[in-house]
Amino acid sequence: MSNETGSTGKLGFDDCIVPESSVSVYEALYRRRMAWEFLDQPVPREALDRMLATAVWAPNHRLTEPWRFFIIEKGSVAAEKVAGMAYDFALQRSGNERRAEATRDSLLNTPVLIYAYSTPGRDEEGTKENYASVCCAAHNMALAGVAEGLAVTWETGGPTRHPDLGRTLGAEDGWTLATMLSIGYPAENPRSERTPVNDFVRWLG
């Protein structure tokens with residue numbers, strides 16, 4: 001995989017297929033939750049394709065298209081590799097074999113893992129903008145996941161921090177991992193609360 005997108009053309013809105021859904025944008029925003037337990041049920045490739053299609057419509061200054069995605073499905077050789085690396089990193093950091101095994105098993109039991117990387121910009125400012133765009137792209141997928149009945153969990157902790165992870169996935173030097181997305185049908189009903197937005201807002205006259 002190179003820094004080139006490999007695309008021979010661009011898509012406009014009229015070229016996109018908008019899936020039918022009873023889930024509104026606002027409902028997806030409020031219902032989106034992460035899950036740590038997933039059903040032993042594969043995620044249809046068609047659902048993943050629809051989610052990925054939304055990623056490239058994230059806000060992207062100068063249209064640099066900095067997102068690069070690596071997709072790993074449960075039961076694959078790649079899943080065994082990244083789970084083993086997560087185990088090694090967790091064991092080295094904590095010295096707790098049980099915790100390391102739990103980390104490994106969590107990755108092995110996740111139906112789909114998507115590693116989202118950001119490519120560097122022309123300068124520091126551009127690199128920051130690219131990273132922000134990839135985060136927005138990942139959130140687009142998380143919202144689309146709600147419409148698909150899926151939970152999308154962000155991970156930036158230990159399972160993403162093995163120094164050889166990028167090389168193993170095929171990421172190029174200089175690319176930055178924005179997040180690992182764990183995707184599947186949730187085996188739990190996670191709930192959350194938020195502080196009302198007015199506590200953080202200041203209207204300026």
side-chain contact (heavy atoms from CB on, under 4.5 Å) evaluation trace for T156 with M180: CA-CA 6 Å; T156 57; M180 178 188 81; over 6 Å; no
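- Nearest heavy-atom pair across P59 and C136 is CD-CB, 3.9 Å.
- Counting only heavy atoms from C-beta outward, the side chains of R68 and T119 approach each other to under 4.5 Å.
- Transitive grouping of hydrophobic side chains (ILVMFWY, heavy atoms separated by less than 4.5 Å) keeps L107 and Y87 in distinct clusters.
- Here the straight-line distance linking atom OG of S94 with atom CZ of F89 works out to 10.0 Å at 0.5 Å rounding.
- Residues meeting the side-chain contact (heavy atoms from CB on, under 4.5 Å) test with A151, sequence neighbours left out: A35, F38, P186.
- Between the OG atom of S76 and the NZ atom of K81 there is a distance of 9.5 Å, given to the nearest 0.5 Å.
- Residues T153 and L181 have side chains not in contact (no heavy-atom distance under 4.5 Å, counting atoms from C-beta outward).
- Taking 4.5 Å as the limit, some side-chain heavy atom of C135 sits within range of a side-chain heavy atom of W154.
- Between N96 and L91 there is no side-chain heavy-atom pair separated by less than 4.5 Å.
- With hydrogens and angles disregarded, no donor-acceptor distance shorter than 3.5 Å links the side chain of T110 to the backbone of V112.
- Nearest heavy-atom pair, A116 versus L177, reported as atom, atom and distance to 0.1 Å: O-CD1, 3.4 Å.
- Using a 4.5 Å cut-off on side-chain heavy atoms (C-beta onward), M51 and L150 make contact.
- No donor-acceptor pair closer than 3.5 Å links the side chain of S106 to the backbone N or O of A102.
- Of all the heavy atoms in P120 and W175, the pair that sits closest is CD-CD1, 3.9 Å.
- Nearest heavy atoms, M141 versus L52: SD-CD2, 3.6 Å.
- Residue pairs that meet the side chain to side chain donor-acceptor pair (under 3.5 Å) test with at least one member in residues 157-170, sequence neighbours left out, are D164-R167.
- Checked by atom type and distance alone, the side chain of N60 never pairs as donor or acceptor with a backbone atom of S133 at under 3.5 Å.
- The shortest non-hydrogen separation linking T103 to A86 is CG2-CB, 3.8 Å.
- With sequence neighbours left out, D40 forms a salt bridge (Lys or Arg N to Asp or Glu O under 4.0 Å) with K74.
- The side-chain contact (heavy atoms from CB on, under 4.5 Å) test applied to E80 returns L108, not counting sequence neighbours.
- Evaluation of the side-chain hydrogen bond (donor to acceptor under 3.5 Å, both in side chains) rule for R93 yields no partner, not counting sequence neighbours.
- Annotation: salt bridge (charged side-chain N to carboxylate O under 4.0 Å, His left out) contacts involving residues 128-153, sequence neighbours excluded, comprise R50-E148, R62-E129, E124-K128.
- Partners of S21 according to the side-chain contact (heavy atoms from CB on, under 4.5 Å) rule, which considers only residues two or more places apart in sequence or in another chain, are V23, A147.
- A donor-acceptor distance shorter than 3.5 angstrom exists from the side chain of N140 to the backbone of T54, with no hydrogens or angles considered.
- The side-chain contact (heavy atoms from CB on, under 4.5 Å) check on R32 picks up M34, H139, A142, L143, V146, R194, with sequence neighbours excluded.
- Of all heavy-atom pairs between A137 and W67, the closest is CB-CE3, 3.8 Å.
- For E188 (side chain) and E37 (main-chain N/O), a donor-acceptor pair under 3.5 Å exists by modelled atom type.
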Side-chain polar contacts of residues 197-204 - donor-acceptor pairs under 3.5 angstrom, sequence neighbours left out - could you list them?
none

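- For the pair L169/I72, a side-chain contact is recorded, criterion being any heavy-atom separation below 4.5 Å from C-beta on.
- Counting heavy atoms from C-beta outward, T179 and V134 have side chains that stay 4.5 Å or more apart.
- Using modelled atom types and a 3.5 Å distance limit, the side chains of N130 and S118 yield no donor-acceptor pair.
- Residues that satisfy the side-chain hydrogen bond (donor to acceptor under 3.5 Å, both in side chains) test with Q41, not counting sequence neighbours, are absent from this structure.
- For residues 96-109, no residue pair satisfies the salt bridge (charged side-chain N to carboxylate O under 4.0 Å, His left out) rule, not counting sequence neighbours.
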Evaluation steps, side-chain contact (heavy atoms from CB on, under 4.5 Å), between S182 and W36: CA-CA 9 Å; S182 300; W36 302 104; over 6 Å; no
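- Identified under the ring-ring contact (aromatic ring centres under 6.0 Å, His included) test for residues 94-131, with sequence neighbours left out: F70-Y117.
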